[in-house]
Amino acid sequence: LEGIIQIRQMRPSDVDALLVLEEESLEAAAWTRQAYEDLLSNPGRNCCLVAEIDGEVVGFACFRTVDREAELLNLMVLPQYRRIGVGTHLFERIVVDLRESWVRDVYLEVRHSNIPAMGFYRHFGFEMSGRRPAYYPNPPEDALTFRLRLSEAD
Ligand SMILES: CC(C)(COP(=O)(O)OP(=O)(O)OC[C@H]1O[C@@H](n2cnc3c(N)ncnc32)[C@H](O)[C@@H]1OP(=O)(O)O)[C@@H](O)C(=O)NCCC(=O)NCCS
């Protein structure tokens, strides 16, 4: 993957491709065009990255930072490109950005049934921190919250 994958900032012109990508993955948060545009129009607190292979967007990640906390808002990799490290490349870039901004903790929510995503997050050291009953609609399901501590220092 080294040398053929490119991680870059998301651009407004990516949104069409992302809406198509989303249809390939029901586990990812399904966002509207407006949701992407809102995030991209507030680059101070939000950061969205895409992964490209041969000029094709094969995955993306979005997070939001408030003070020393960050929230992973959405992350997905096209099914045919999973388990080859695309998610890792995205996540490692996120962590570099967050450390530079002195972020201490990263939080996220995941559907209780989303075992692959939990495997991915645990791989990076996330630990379960709570449960939000019936957090998700369609179908209703609990969210599990996970936390990763990036820095011990206050
Ligand atoms: C979660 C997701 C982004 C992972 O992306 P990926 O590119 O396949 O991840 P990587 O190849 O970098 O995997 C890194 C490590 O995470 C863990 N991991 C990844 N997928 C896993 C799975 N299905 N089951 C268990 N562990 C998994 C493994 O430890 C893996 O290392 P390994 O392949 O050497 O065993 C991808 O499965 C996805 O798009 N899922 C659907 C969308 C989604 O659920 N997003 C999260 C919403 S909260």
Side-chain angles (χ1 to χ4, degrees), residues 1-11 14-40 42 45-66 69-99 103-150:
L1 213 50
E2 292 305 328
I4 65 162
I5 186 166
Q6 197 200 348
I7 307 293
R8 61 164 174 81
Q9 297 286 331
M10 190 182 286
R11 302 189 278 254
D14 291 319
V15 174
D16 284 335
L18 297 173
L19 293 171
V20 174
L21 217 78
E22 264 186 5
E23 289 171 16
E24 302 273 335
S25 178
L26 300 175
E27 311 94 325
W31 285 355
T32 59
R33 176 177 301 280
Q34 188 67 47
Y36 287 106
E37 286 171 356
D38 287 350
L39 272 184
L40 291 173
N42 188 0
R45 288 170 66 179
N46 305 317
C47 182
C48 295
L49 302 172
V50 300
E52 263 184 348
I53 294 179
D54 281 343
E56 184 194 0
V57 175
V58 298
F60 70 93
C62 296
F63 60 94
R64 169 167 61 204
T65 303
V66 179
E69 292 185 359
E71 186 185 0
L72 189 59
L73 301 171
N74 211 350
L75 167 75
M76 88 156 272
V77 173
L78 268 179
Q80 60 271 37
Y81 288 93
R82 287 183 193 161
R83 290 313 277 272
I84 58 168
V86 175
T88 298
H89 274 77
L90 282 165
F91 191 74
E92 286 178 347
R93 171 69 77 83
I94 291 175
V95 168
V96 168
D97 288 0
L98 295 180
R99 285 189 194 278
V103 165
R104 191 175 49 202
D105 293 298
V106 188
Y107 290 90
L108 60 87
E109 282 131 11
V110 61
R111 274 188 185 267
H112 184 244
S113 61
N114 193 348
I115 306 294
M118 286 189 258
F120 180 82
Y121 296 130
R122 286 211 164 91
H123 173 81
F124 287 99
F126 278 88
E127 290 176 359
M128 208 184 106
S129 55
R131 177 189 283 257
R132 299 189 207 279
Y135 180 81
Y136 292 104
N138 315 317
E141 194 176 342
D142 292 359
L144 299 181
T145 58
F146 281 78
R147 185 185 79 152
L148 175 67
R149 175 138 280 200
L150 287 180

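When a ligand or atom number is given, it counts from 1 through the structure's own listing order. Treat the numbers as computed from the prediction; the structure is a model and nothing was measured.
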Worksheet item: Does Val110 reach ligand 1 with a nitrogen or oxygen that is under 3.5 Å from one of the ligand's nitrogen or oxygen atoms?
Response: no
Response to the item:
For atom 13 (O) of ligand 1, the closest protein heavy atom turns out to be Phe120 CD1, 3.8 Å
Discussion item. Under 4.0 Å from atom 34 (O) of ligand 1, can you find at least one protein heavy atom?
Written reply: no
Practice prompt. Heavy-atom contacts with Gly85 under 4.0 Å: which atoms of ligand 1 show up? List them by number with element.
Written response: 10 (P), 11 (O), 12 (O)
Worksheet item: Do Met76 and ligand 1 have an N or O pair less than 3.5 Å apart?
Response: no
Item to complete: Kindly state if atom 2 (C) of ligand 1 has a protein heavy atom within a strict 4.0 Å cut-off, that is, under 4.0 Å?
Response: no
Worksheet entry | Ring center gap for Phe146 and Phe126 short of 6.0 angstrom | no
Discussion item. Under a 4.0 angstrom heavy-atom cut-off, which atoms of ligand 1 come close to Ile84?
Written reply: 11 (O)
Worksheet item: Among Tyr81, Phe124, Phe60, Tyr121, which residue places a heavy atom closest to atom 47 (C) of ligand 1?
Response: Tyr121
Worksheet entry | Heavy-atom closest contact (Glu141 atom, Ser113 atom, distance) | OE2-N, 2.6 Å
Discussion item. Among all the protein's non-hydrogen atoms, which is closest to atom 29 (O) of ligand 1, and how far away is it?
Written reply: His123 ND1, 3.0 Å
Practice prompt. Give yes or no for whether the N/O distance cutoff of 3.5 Å, strictly under, is met between Gly87 and ligand 1.
Written response: yes
Item to complete: Among all protein heavy atoms, pick out the one at the shortest distance from atom 42 (C) of ligand 1; state its residue, atom name and that distance to 0.1 Å.
Response: Ser25 OG, 3.5 Å
Item to complete: Might you point out which heavy atoms bring Arg111 and Met118 nearest each other, and give the distance in Å?
Response: O-CE, 3.7 Å
Worksheet item: Of Leu108, Asn114, Thr88, which has the heavy atom at the shortest distance from atom 14 (C) of ligand 1?
Response: Thr88
Worksheet item: Should Leu18 and Glu22 count as side-chain neighbours, where that means a heavy-atom distance under 4.5 Å?
Response: no
Worksheet item: Are Glu52 and Arg8 within salt-bridge range, i.e. N to O under 4.0 Å?
Response: yes
Item to complete: Considering the heavy atoms of Arg82, write down every atom of ligand 1 situated less than 4.0 Å from one of them.
Response: 8 (O), 36 (C), 37 (O), 38 (C), 39 (O), 40 (N), 41 (C)
Fill in: Donor-acceptor pair between Glu2 and His89 side chains, under 3.5 angstrom
yes
Practice prompt. Report the part of Pro116 (side chain from C-beta onward, or backbone N, CA, C, O) that has a heavy atom under 4.0 Å from ligand 1; answer both or neither where that applies.
Written response: both
Item to complete: Would you check if there is a donor-acceptor pair between the side chains of Tyr135 and Glu109 at a distance under 3.5 Å?
Response: yes
Item to complete: Return yes when Glu109 approaches ligand 1 closer than 4.0 angstrom through a heavy atom, no otherwise.
Response: yes
Item to complete: For the pair Arg33 and Asp16, find out whether any cationic side-chain nitrogen is under 4.0 Å from an anionic carboxylate oxygen.
Response: yes
Worksheet item: Could you state the interatomic distance from CD (Glu127) to CG (Leu148), rounded to the nearest 0.5 Å?
Response: 8.5 Å
Worksheet item: Does Val77 reach ligand 1 with a nitrogen or oxygen that is under 3.5 Å from one of the ligand's nitrogen or oxygen atoms?
Response: yes
Discussion item. How close do Gly85 and Leu1 get, counting heavy atoms only, and between which atoms?
Written reply: C-CD2, 3.6 Å
Worksheet item: Does Arg83 reach ligand 1 with a nitrogen or oxygen that is under 3.5 Å from one of the ligand's nitrogen or oxygen atoms?
Response: yes
Fill in: Side-chain heavy-atom pair Leu21, Phe60 within 4.5 angstrom cut-off
yes
Practice prompt. Could you tell me whether ligand 1 has any atom less than 4.0 Å away from a heavy atom of Phe91?
Written response: no
Item to complete: For residues Phe63 and Phe91, establish whether the separation of their ring centroids is below 6.0 Å.
Response: no
Practice prompt. Give the residue and atom name of whichever protein heavy atom lies nearest to atom 45 (N) of ligand 1, and the separation in Å to one decimal.
Written response: Leu75 O, 2.7 Å
